[in-house]
Amino acid sequence: MTSHTPPSDWPTDERTARAVQDELRTRVVLDEPGPAPGRGHVTGVDVAYDDERDIVAAAVVVLDGATLDVVEQATAVGTVAFPYVPGLLAFREIPTVLAALSELNSDPGLVVCDGYGIAHPRRFGLASHLGVLTGLPTMGVAKNPFTFSYEPPAAPRGSASPLLAGAEEVGRALRTREDVKPVFVSVGHRVSLANACAQTLGLTPRYRLPESTRRADALCRAALRQAVGA
DNA sequence: GCGACAG
DNA sequence: ATCTTGTCGC
């Protein structure tokens, strides 16, 4: 695992963070289908916090897209760079995620984030932000509808319904397990919504959440425990 | 102005 | 996100 400190020019106030979003949001690429499901690599990303000590641990886990076996993984710990502000989550998580990604020797392939892509108040959530900064295809799979609305998808696995911001479809509520609460999929960067949903189904042969995020979640928690001592 | 709000 | 025991189910 590696340690790092946020870049000296990283935003520390909301005003600056919003200005950075406005500059980067124009670089999101939405006209590429992205990597096909079941092939290449898929990389899960997640972070865990210790608010007491202001510590954040990030984990990236590269999976074989066909077998879902772990190909490589890395972690990084650092100091929290930004407070939690809905709409500005990326500023809190990305520095440590980038540090972990830089430790990888493998091609990350498609990056799957725990949160949103363009389904965001300003259409520039965590996944899109990470995609623009790295150039990698990214998507988001969130556990909650955030500020958006949706009609419950039909009961069978694979059923979906639009995730709406007014009349605009910003993502999709996708049922990954029969009769279980759907996950909320959105495009991050260089991936289509249809492909993002197909990828999500390929990553959920057994549980509601993608294997990539389950793996990353377990790893960042372990890294945090080790960093703090427990 | 007030409340809601990914992780 | 995080604080947390037992418990129902595959």
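Order of the sequence lines fixes the chain letters, A, B, ..., with proteins taken first and strands second; residue numbering starts at 1 for each chain.
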- [ ] Determine yes or no for a side-chain-to-main-chain donor-acceptor pair under 3.5 angstrom, with A:T204 supplying the side chain and A:Y207 the backbone.
- [x] no

Open item on the list: Can you see if the side chain of A:R206 gets near the phosphate of C:dC10 - specifically, an N or O under 4.0 Å from OP1 or OP2?
Closed with: no

Task: Phosphate-side-chain proximity, A:K143 and B:dG7, N/O vs OP1/OP2 below 4.0 Å - done: yes

Open item on the list: Measuring to OP1 and OP2 of B:dG7, would you say a side-chain N or O of A:N144 lies under 4.0 angstrom away?
Closed with: yes

Open item on the list: Could you tell me how far apart A:K181 (NZ) and B:dA6 (P) are, to the nearest whole angstrom?
Closed with: 10 Å

Task: Rounded distance in Å - CZ (A:F146) to P (B:dG7) - done: 9 Å

Open item on the list: Looking at A:R92, I'd like to know whether one of its side-chain N or O atoms comes within less than 4.0 Å of OP1 or OP2 on B:dA6.
Closed with: no

- [ ] Could you tell me whether A:G140 contacts a base, only the sugar-phosphate backbone, or nothing, with contacts defined as non-hydrogen atoms closer than 4.0 Å?
- [x] nothing

Open item on the list: Using OP1 and OP2 only, check whether a side-chain N or O of A:Y84 sits under 4.0 Å from B:dA6.
Closed with: yes

Open item on the list: Counting Watson-Crick and G-U wobble pairs with both distances under 3.5 Å, what is the dot-bracket string for DNA chain B, 5' to 3', using [ ] for crossing pairs and | for pairs to another strand?
Closed with: .......

Open item on the list: On the six-membered ring of A:F91, is A:R18 placed so that its NZ or CZ lies under 6.0 angstrom from the centre and within 45° of the ring axis?
Closed with: no

Open item on the list: Once you measure the plane-to-plane angle for A:Y116 and A:F148, does it fall in the parallel (<30°), tilted (30-60°) or perpendicular (>60°) bin?
Closed with: perpendicular

Open item on the list: Would A:Y49 and A:E93 count as a side chain to side chain donor-acceptor pair (under 3.5 Å) here? Give the steps.
Closed with: CA-CA 10 Å; A:Y49 304 95; A:E93 309 200 335; 3.0 Å; yes

- [ ] Would you indicate whether A:R53, at its atom CZ, is surrounded by more than 12 heavy atoms from other residues, nucleotides or ligands within a distance under 6.0 Å?
- [x] no

Open item on the list: Between A:E178 and A:R175, does any NZ, NE, NH1 or NH2 come within less than 4.0 Å of an OD or OE carboxylate oxygen?
Closed with: no

TODO: Keeping the roles fixed (side chain from A:S106, backbone from A:P108), state whether a donor-acceptor pair exists under 3.5 Å.
DONE: no

TODO: Write down the distance between CG (A:D46) and P (C:dA1), rounded to a whole number of angstrom.
DONE: 7 Å

Task: Atom pair distance, as rounded to whole Å: CG in A:L209 and P in C:dA1 - done: 9 Å

TODO: Rounded to the nearest angstrom, tell me the gap between atom NE2 in A:H129 and atom C1' in B:dA6.
DONE: 15 Å

Open item on the list: Rounding to an integer number of Å, can you tell me how far A:L224 CG sits from C:dA1 P?
Closed with: 12 Å

Open item on the list: Classify A:L88 by what it touches in the nucleic acid, base, sugar-phosphate, or nothing, heavy-atom distance under 4.0 Å.
Closed with: base

Task: Separation of C:dA1 P from A:R225 CZ (nearest whole Å) - done: 15 Å

- [ ] Could you check which of B:dG7, B:dC5, C:dA1 has an atom nearest any side-chain atom of A:T147?
- [x] B:dC5

Open item on the list: In this structure, how many angstroms lie between the P atom of B:dC5 and the CZ atom of A:F184, rounded?
Closed with: 13 Å

Open item on the list: Can you tell me which nucleotide in C:dT2, B:dA6, B:dG7 comes closest to the side chain of A:A48?
Closed with: C:dT2

